[in-house]
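The next block holds one structure in the form of structure tokens; read it before the comments.
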Amino acid sequence: MEDKLVLGGREIDNRLLLGTGKFPSKAIIPEVIKRSGSQVVTMALRRVDFDSQQENVLNYIPKGCILLPNTSGARNAEEAVRIARIARAAGCGDWVKIEVITDNKYLLPDNYETITATEILAREGFVVLPYMSPDLMVAKRLQDAGAAAVMPLGAPIGSNRGLKTRELIRILIDEIEVPIIVDAGIGKPSEAAEAMEMGAAAVLVNTAIATAGDPVLMAEAFSLAVKAGRQAYLAGPGLTREYAEASSPLTGFLREVQEA
Amino acid sequence: MLVVVNGREERLPEDLSLMDFIQSKGLAPESFVFMLNDRVLKWDELNGIILQENDRLEILRFVGGG
């Protein structure tokens with residue numbers, strides 16, 4: 001059965017989006033991408049530091065991947081829009097992950113500035129994927145503004161704490177028509193699988209893979225979990241019940257005396 | 001002359017080409033994004049540009065990020 005995620009007019013087979021930060025060595029990124037099967041890969045734009053060794057992460061991302069530059073470092077909509085325009089002019093394509101953050105402790109996104117940036121960039125033809133705190137009204141505004149998907153956080157960035165916002169994400173999945181991509185906080189493959197079982201369209205994972213003991217192996221584990229979770233969602237999980245319901249027939253027991 | 005490079009003022013010789021400046025920093029142009037006075041430059045433009053007083057130059061790169 002064909003089960004493709006359509007984002008920005010592109011069909012995507014693999015529902016694990018991958019971030020490229022925090023890897024112990026950039027040299028393993030190509031293998032991580034290969035084993036994860038990820039087709040959408042994020043990166044950030046920064047000023048060059050003339051005092052340290054300079055590498056461009058794009059050199060480690062295989063051709064054919066969809067580049068998803070983020071606007072990290074932006075503190076308001078104006079800065080996010082500027083970063084997105086620079087990334088596009090630099091040849092990164094039309095996709096952008098909007099990330100507007102002023103909270104340095106929990107790195108929670110500014111939903112209001114994110115809406116403004118989404119409105120501007122969607123009008124300019126970007127495929128806009130906004131990172132947001134899960135809130136139904138904000139998600140509706142982002143959808144109306146032209147977001148290609150909405151990306152609620154499961155827990156604070158880099159925390160590996162899992163789906164702490166489970167109930168709010170469930171509501172977004174229920175009420176929002178554009179794909180819901182759980183971004184941030186997912187720490188283990190089981191949590192990615194849970195998000196997918198709930199009906200998330202995809203997950204975006206970075207820290208949990210990059211900081212694993214073996215990032216390449218963890219990338220594959222996440223990929224399998226995302227596929228398993230998606231299949232479970234499509235299969236339709238059975239009902240949960242408070243009391244037991246026998247799996248084996250309750251007739252024809254091999255007892256010595258048949259009860260009347 | 002004064003040129004603002006990545007937000008910091010630098011005193012540079014007159015008539016310095018952008019390409020010479022890039023090479024003086026030991027940078028391979030193809031790995032970076034160059035923006036002069038808020039306009040992103042194409043790599044084939046770099047050779048023909050002479051830096052001017054009060055130019056604002058940004059030299060950027062893509063780094064790992066989530």
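Proteins get letters first, then strands, A, B, ... in listed order; numbering begins at 1 in each.
Heavy-atom pairs under 4.5 Å with chain B were tallied for A:Val205, A:Val48, A:Ile61; the largest tally goes to A:Val48. Comparing A:Thr42, A:Asn206, A:Leu68 by heavy-atom pairs within less than 4.5 Å of chain B, the highest count is held by A:Thr42. The candidate with the highest count of non-hydrogen atom pairs below 4.5 Å against chain B, out of A:Asp183, A:Asn59, A:Asn70, is A:Asn70.
Contact record, A:Ile86 with B:Met35: CD1-CE, 3.4 Å, taken as the closest heavy-atom pair.
A side-chain donor-acceptor contact under 3.5 Å links A:Arg47 to the backbone of B:Asn6. Listed for the B:Ser31 side chain is no donor-acceptor partner under 3.5 Å among the backbone atoms of A:Asn56.
For A:Arg82, the part sitting under 4.5 Å from any heavy atom of chain B is the side chain, from C-beta outward, and nothing else. If you measure heavy-atom distances from A:Lys22 to chain B, you find no contacts under 4.5 Å at all. Contacts between A:Ala184 and chain B at a heavy-atom distance below 4.5 Å are absent for every atom of the residue. For B:Leu41, no part lies near chain A; criterion is any non-hydrogen pair under 4.5 Å. The contact between B:Val63 and chain A is made by backbone and side chain atoms together, counting heavy-atom distances below 4.5 Å.
The 12-atom threshold is not exceeded at CD of A:Glu78, counting heavy atoms of other residues, nucleotides or ligands nearer than 6.0 Å. The local environment of NZ in B:Lys25 is crowded, with over 12 non-hydrogen atoms from other residues, nucleotides or ligands closer than 6.0 Å. For B:Glu53, the CD atom sits in a packed shell: over 12 heavy atoms of surrounding residues, nucleotides or ligands are nearer than 6.0 Å. For A:Tyr106, the OH atom is loosely surrounded, since the number of other residues' heavy atoms within 6.0 Å does not exceed 12.
Rounded to the nearest 0.5 Å, atoms CZ (A:Phe50) and CD1 (B:Ile59) are 4.0 Å apart.
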message: The test is side chain to side chain contact (heavy atoms under 4.5 Å, CB included); show your working for B:Phe62 and A:Thr20 and say whether it passes.
response: CA-CA 10 Å; B:Phe62 288 98; A:Thr20 55; over 6 Å; no

